[in-house]
Amino acid sequence: MEVVDEICDLLQSHSNRDKIVSLTSYVLKLWGSTAKRKDILTASARIAAARATLRLFDDAAAIKLALAYGLGKQDGSFWGSLGVANNAFTLTYLQCEKIVWLIDTGVLVVSPDFDFKVKTAHKLFWSLSAFVGLIRSIRGLQASSQLLKSSEPPKCASARFTQASLATTKLVLDVVHAVSWLPAGWLWGGKLSAQQASIVATTSAVLSLMAHYHGKRLQPR
């Protein structure tokens, strides 16, 4: 019963359910690309499409986060600017994704050139959002490292460092994965095979779940 309760708790919120859907999609893609199974790849694509459709409704949460952060004055000029940029990149990415969804479903008919530009912009803002998130996470990792090395570290110092390490490692993989979707000639865009990209994405999804459960240790009881 405890396991069922844990699964229900995990699937209740959109963000946690997205972690499961993401992991399932990428595991199936890795399986399908490794075993050359078109049926498994189709299943992966269907789940990925369902996940993308659900992201059409993520605007409210993203706007709420951006408004709560404001101009980032609490983090100083440099880090505050990065925070504002990250929120802007995320919101732009979500709008590009809506246009891509409309094109893919046939609701919006556009020229091949416009289709290419929109999908490139979609991957570009995804990459930028992941990259800025990575830079900001490195700051958190450094802060938790300094706390751990202090003369009298708090009891949670080790757990905070582990959490920051998981977050930073995940974001490194997210940057690698996102950029790999860019057109050839854009950094390492198009350089990863389907199997390699699936390994990176699957590992990132696993780390996301690990961070979720490890983060519970930092919550007050």
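Along the sequence shown, the residues carry numbers beginning at 1. Worth knowing before you read on, the calculation uses all heavy atoms, side chains too, and leaves out hydrogens, waters and symmetry mates.
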Heavy-atom donor-acceptor pair, [X] side chain to [Y] backbone, under 3.5 Å:
X    : Y    : result
W186 : V179 : no
S144 : L141 : yes
T162 : S158 : yes
E97  : L56  : no
T42  : K38  : yes
S208 : S204 : no

Query - L128 and F131: CA distance, side-chain angles, deciding distance, side chain to side chain contact (heavy atoms under 4.5 Å, CB included) verdict - result: CA-CA 5 Å; L128 288 171; F131 178 71; 5.6 Å; no
Query raised in the report: Does L54 sit in a hydrophobic cluster with other residues, and if so which ones, taking ILVMFWY side chains as linked at heavy-atom separations under 4.5 Å, directly or through other members?
Result: none
**Report entry** Whichever hydrophobic residues join Y26 through chains of side-chain contacts under 4.5 Å
**Finding:** none
Report task. Could you list the residues that satisfy salt bridge (Lys or Arg N to Asp or Glu O under 4.0 Å) with R51, not counting sequence neighbours? Result -> D18
Requested in this report: Report the C-alpha distance between N86 and S129 in whole Å, list the side-chain angles of each, state the deciding distance to 0.1 Å, and finish with yes or no for side chain to side chain contact (heavy atoms under 4.5 Å, CB included).
Outcome: CA-CA 5 Å; N86 192 31; S129 178; 3.3 Å; yes
Query raised in the report: Between H177 and W126, what is the ring plane arrangement, given parallel below 30°, perpendicular above 60°, and tilted in between?
Result: perpendicular
Requested in this report: List for me each residue that meets side chain to side chain contact (heavy atoms under 4.5 Å, CB included) alongside K119, sequence neighbours excluded, and say none if there are none.
Outcome: V100, D104, D115
Query raised in the report: Is the cationic atom of R136 (NZ for Lys, CZ for Arg) positioned less than 6.0 Å from the six-membered ring centroid of Y69 and within 45 degrees of its normal?
Result: yes
Query raised in the report: Going from OG on S193 to CD1 on I199, what distance comes out if it is rounded to the nearest 0.5 angstrom?
Result: 7.5 Å
Query raised in the report: Are side-chain heavy atoms of I20 and N16 found at a separation under 4.5 Å?
Result: no
Requested in this report: Report yes if the side chains of L82 and R139 come closer than 4.5 Å at any heavy-atom pair, otherwise no.
Outcome: no
Requested in this report: State which residues pass side chain to side chain donor-acceptor pair (under 3.5 Å) with Q95; sequence neighbours excluded, sorted by chain then number.
Outcome: D59
Query raised in the report: What pairs with W31 under side chain to side chain donor-acceptor pair (under 3.5 Å), at least two apart in sequence or on another chain?
Result: none
Query raised in the report: Run the side chain to side chain contact (heavy atoms under 4.5 Å, CB included) check on S180 and V176 step by step: do they pass?
Result: CA-CA 6 Å; S180 73; V176 172; 5.7 Å; no
